[in-house]
Amino acid sequence: MTNKPTIAAIGAGRMGRGIGHVFAYAGYPVSIVDYKPRSSSDFADMEREIRGEIADNMRFLSGLGLMTEMQVGKALDLISVVRADEADGVISGAGFLLEGVPETRKAKQDALSRMSRAARPDAIIASTTSTMLVTELQEWVVNPERFLNAHFLNPAFLIPLVEVSPGPTTDEASAQRLIDLLEGAGKSPVRCAASPGYIVPRLQSLIMAECCRMVAEGVGTPKEIDQAIMAGFGPRYTAMGVIEFIDWGGVDIFYHAGNYLAEKLNSERHRPPREVAKMMRDGRRGMRDGQGYYDFRNMDVEAFQQEKMQRFVTLLNGLGRVPKPGV
């Protein structure tokens with residue numbers, strides 16, 4: 001038996017299955033709750049499909065040496081699939097409830113209202129929505145101080161990030177309990193304000209739109225632009241954060257390049273914000289000045305640079321993108 005808290009994933013679609021995988025892999029008992037009324041035969045078909053999908057994904061990881069076959073079996077044993085008429089009994093025993101129903105207000109209202117009424121008072125409730133704000137959803141939750149958003153990125157069982165977005169009325173202890181749970185399951189939770197798009201979807205939308213504009217303008221073919229992303233943009237910002245990169249290269253370089261692009265592309269979205277001009281005036285131009293967005297004054301900068309470069313080379317080598325020497 002495990003002493004880890006029980007997780008209930010509300011919704012039996014892609015997100016619910018991904019959450020089921022995440023927590024079972026980490027050794028937590030998890031129930032995937034199907035809120036749709038189904039006949040016995042339809043439910044049995046869906047349960048086989050869910051178990052088959054999760055088993056296939058775990059065996060894929062096993063084939064890469066990340067799990068043993070025995071561990072796959074043990075993880076699958078931690079998963080239960082629950083039909084709608086048994087949902088309340090399961091939900092009332094869960095410590096954490098993660099809602100992953102379709103992205104419509106009607107579906108969210110129905111699920112959050114039902115699950116929060118059935119939940120025990122100390123249970124943490126989170127929505128995995130990628131679009132709706134915690135401030136919009138909390139009105140449907142009983143005891144909204146224990147409610148917040150937890151945005152998993154698909155495929156949920158692989159992407160480490162979870163964007164955790166508490167609301168103004170969310171109790172801090174509830175937010176920290178969810179963050180601790182996610183870290184215990186091997187995830188990398190990042191807190192963000194209740195703002196449209198959170199962090200990644202907001203960035204992703206801009207990048208996608210700009211890539212499509214470049215195709216339309218003839219800057220590059222789809223294949224060439226994707227190659228530039230995979231061989232340059234993507235690996236760079238996996239080894240180092242975007243804000244870190246600004247400080248590394250210099251706030252002044254970002255400032256002048258951004259203003260140049262804003263003029264030439266007639267795009268105010270490329271112009272650096274006012275804070276960057278203030279940093280220039282204050283002499284906070286990045287790593288070489290000791291301060292930028294980050295404070296490097298009490299840091300071993302050389303060791304920091306070496307660690308980042310080692311991470312970059314390791315990543316590129318794993319991607320098969322480090323060329324062999326020609327000597």
Side-chain angles (χ1 to χ4, degrees), residues 130 151 153 159-165 179 187-214 217 219-220 224-319 321-322:
S130 60
H151 176 226
L153 277 68
I159 303 295
L161 176 67
V162 181
E163 296 177 313
V164 175
S165 180
I179 288 170
K187 290 299 185 182
S188 297
V190 171
R191 290 182 67 136
C192 58
S195 178
Y198 309 114
I199 296 172
V200 170
R202 182 168 168 175
L203 288 171
Q204 186 172 266
S205 178
L206 283 176
I207 292 169
M208 287 176 171
E210 197 65 16
C211 286
C212 292
R213 271 191 286 270
M214 286 192 286
E217 294 169 7
V219 174
E224 289 164 340
I225 291 170
D226 279 345
Q227 179 68 10
I229 297 293
M230 291 187 290
F233 188 93
R236 170 190 280 173
Y237 294 120
T238 297
M240 182 185 304
V242 173
I243 305 297
E244 282 184 327
F245 183 74
I246 292 172
D247 279 352
W248 183 296
V251 173
D252 53 333
I253 294 175
F254 167 55
Y255 175 78
H256 293 302
N259 282 308
Y260 175 85
L261 288 173
E263 297 297 332
K264 294 297 183 181
L265 296 173
N266 191 27
S267 168
E268 286 302 306
R269 293 298 287 181
H270 281 82
R271 194 177 301 283
R274 286 192 294 270
E275 170 64 17
V276 174
K278 184 177 185 302
M279 291 169 71
M280 294 276 288
R281 294 194 298 271
D282 294 344
R284 293 187 293 125
R285 292 171 296 180
M287 190 179 293
R288 67 178 180 274
D289 285 346
Q291 281 184 288
Y293 278 96
Y294 289 89
D295 191 337
F296 300 93
R297 289 173 296 180
N298 297 316
M299 181 186 296
D300 184 337
V301 173
E302 184 176 351
F304 171 78
Q305 291 174 322
Q306 286 293 318
E307 188 273 332
K308 290 292 179 181
M309 290 303 294
Q310 181 178 345
R311 183 185 302 182
F312 194 33
V313 172
T314 300
L315 172 67
L316 290 173
N317 192 45
L319 295 171
R321 291 190 177 273
V322 176

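- Other residues, nucleotides and ligands place more than 12 heavy atoms under 6.0 Å from the OH atom of Tyr237.
- Annotation: the span from Glu275 atom CD to Met279 atom CE amounts to 6.0 Å, rounded to 0.5 Å.
- Around atom CZ of Phe304, more than 12 heavy atoms belonging to other residues, nucleotides or ligands sit under 6.0 Å away.
- Remark: Leu319 CG to Thr238 OG1 distance equals 8.0 Å, nearest 0.5 Å.
- At least one donor-acceptor pair closer than 3.5 Å links the side chain of Thr314 to the backbone N or O of Gln310.
- Here the closest heavy-atom approach between residue Leu315 and residue Pro235 is recorded as CD2-O, 3.4 Å.
- Annotation: the span from Leu265 atom CG to Glu217 atom CD amounts to 7.5 Å, rounded to 0.5 Å.
- We find the CG-CZ distance between Asp247 and Arg288 to be 10.0 Å, quoted to the nearest 0.5 Å.
- A donor-acceptor contact shorter than 3.5 Å is absent between the side chain of Asn317 and the backbone of Val313.
- What you find for Ser267 and His270 is that their closest heavy atoms are OG-ND1, 2.8 Å.
- Nearest heavy atoms, Ile225 versus Met214: CD1-CB, 3.7 Å.
- Salt bridge annotation for Glu210-Arg269: absent, with no cationic side-chain nitrogen under 4.0 angstrom from a carboxylate oxygen.
- Between Gly258 and Pro272, the shortest heavy-atom contact is C-CD, 3.6 Å.
- At most 12 heavy atoms of other shown residues, nucleotides or ligands fall within 6.0 angstrom of atom CG in Asn266.
- The backbone N or O of Ile199 sits less than 3.5 Å from a side-chain atom of Glu163, completing a donor-acceptor pair.
- The side-chain heavy atoms of Phe312 and Val322, taken from C-beta on, include no pair separated by under 4.5 Å.
- Without hydrogens or angle criteria, Lys187 side chain to Ile159 main chain gives a donor-acceptor distance under 3.5 Å.
- Under the 4.5 Å side-chain criterion, counting only non-hydrogen atoms from C-beta, Arg321 is in contact with Met230.
- Contact annotation: the side chain of Lys278 never approaches that of Arg274 to less than 4.5 Å [non-hydrogen atoms, C-beta and beyond].
- Arg297 and Asp295 make their closest contact through NH2-OD2, 2.6 Å (heavy atoms, listed as atom of the first residue, atom of the second, distance).
- In this pair, Tyr198 and His151 present their aromatic rings parallel. The plane angle is below 30°, not in the 30 to 60° band.
- Rounded to the nearest 0.5 angstrom, Trp248 CH2 and Gln305 CD are separated by 4.5 Å.
- To the nearest 0.5 Å, the span separating CZ on Phe254 from CD1 on Ile246 amounts to 4.5 Å.
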Carefully, step by step, assess Val251 and Arg284 under the rule side chain to side chain contact (heavy atoms under 4.5 Å, CB included).
CA-CA 8 Å; Val251 173; Arg284 293 187 293 125; over 6 Å; no
Worked check of side chain to side chain contact (heavy atoms under 4.5 Å, CB included) between Asp300 and Gln306
CA-CA 10 Å; Asp300 184 337; Gln306 286 293 318; over 6 Å; no
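- Looking at Asn259 and Arg271, their side chains come closer than 4.5 Å, going by heavy atoms from C-beta outward.
- Taking the six-membered ring where tryptophan is involved, the planes of Tyr294 and Phe296 are tilted, since the angle between them lies from 30° to 60°.
- Heavy atoms only, all atoms of each residue included: Cys211 and Ile229 are closest at SG-CD1, 4.4 Å.
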